[in-house]
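Remember, it's 1-based here, ligands and their atoms both numbered in the order they're listed.
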Amino acid sequence: MPHIAYLGPPGTFTEQATRILTEGFDAELLPYESVPQALAALRAGDVLAAGVPVENSVEGSVPATLDALAGGDPLIAVSEATVSVQFDVLVRAGVTADQVRTVASHPHAIAQVRGWLAANLPDADVRMASSTAAAVEQVAAGELDAAVASPLAVELFDGLHVLARGVADNADAVTRFLLLRRPGPLPDPTGADRTSIAAVIAHEPGTLTEMLLELSLRGINLSRIESRPIKDRIGEYRFFLDLDGHVADARVGDALSGLHRRCSEVRFLGSYPKADHSPASVPTPVSEQAFQASARWLARVREGGAS
Ligand SMILES: O=C(O)C(=O)Cc1ccccc1
């Protein structure tokens, strides 16, 4: 049976998302302690795919995921899922709020409950854990007093108790997760797809504008653009872009070819169906038909035919 890696231990939001992403798939989920470790297992061929968190509507992207995708052997995303996240605060049975001296969770979870922590556990020392469920393990082991975790986590440990339920400073917060694989056949285009890339541009005037022009000229909607430093050179950045459309779409393929000509590095990170199934709006001049008609016209002209 194929194995699928995820950011563990059991009880994380990533486990929940990876179950959604692999529904109907006969596979066994394997927890890894960190995103880089899950992706190393995928690159080594130990697992068929890996489920990872990529961005959150409150705290932004998950840097460990972006960095792990930018370096090392290429991987591609084949599907995405969004999960709305609310938290339970877990303690050992009998522990009351005024006894909590330490509280821990994943940095993205802490960021989403800062207001609640300030109001309800103002004196607790806030610590970061590698995941929400890793924090729960530490509470169960008596190393910490409280964990901010998924409502599913309490069921995995005996002797834990919910101090507060449904905690979230922003009730509508969602996190986006990706299922990653080693490069291979791409998911078919659906008309409601997203393409992810990472691109490095020269540190010169106008290069960012030129990169964006490649997209805007082809009527391509950007759903995310953000930069991460290139680790060994100050002032230079790698841009992570999510755009509407599939690399098999003429306008997207044409734009990516343009980026490849302009950028010092372009890494394709996948074309996959959007979780919300919202179709891309395609302006008439960059429709598939318009691209085909213009290609036929150009071929005619090059053969010496009438234009
Ligand atoms: O730690 C987890 O449970 C994760 O899956 C990462 C995470 C943390 C907070 C919100 C969404 C995902």
Does CZ belonging to Arg165 count more than 12 external heavy atoms closer than 6.0 Å? no

Taken in chain and number order and not counting sequence neighbours, the residues that satisfy side chain to side chain donor-acceptor pair (under 3.5 Å) with Arg127 are Asp125

Quick check for you: to the nearest 0.5 Å, what is the distance between Leu269 atom CG and Leu178 atom CG? 9.0 Å

Connected hydrophobic set around Val286, excluding itself, where side chains approach under 4.5 Å: Val282, Phe291

Check whether the ring centres of Phe13 and Phe87 lie less than 6.0 Å apart, and answer yes or no. yes

Hey, what polar pairs (N/O, under 3.5 Å) does ligand 1 make with protein?
| unit_1 | atom_1 | unit_2 | atom_2 | d |
| --- | --- | --- | --- | --- |
| ligand 1 | 1 (O) | Thr132 | N | 2.7 |
| ligand 1 | 1 (O) | Thr132 | OG1 | 3.3 |
| ligand 1 | 3 (O) | Phe13 | N | 2.9 |
| ligand 1 | 3 (O) | Thr132 | OG1 | 2.4 |
| ligand 1 | 5 (O) | Phe13 | N | 3.4 |
| ligand 1 | 5 (O) | Thr14 | N | 2.9 |
| ligand 1 | 5 (O) | Thr14 | OG1 | 2.5 |

Taking salt bridge (Lys or Arg N to Asp or Glu O under 4.0 Å) as the test, write out the residues that go with Asp249, two or more places apart. Arg251

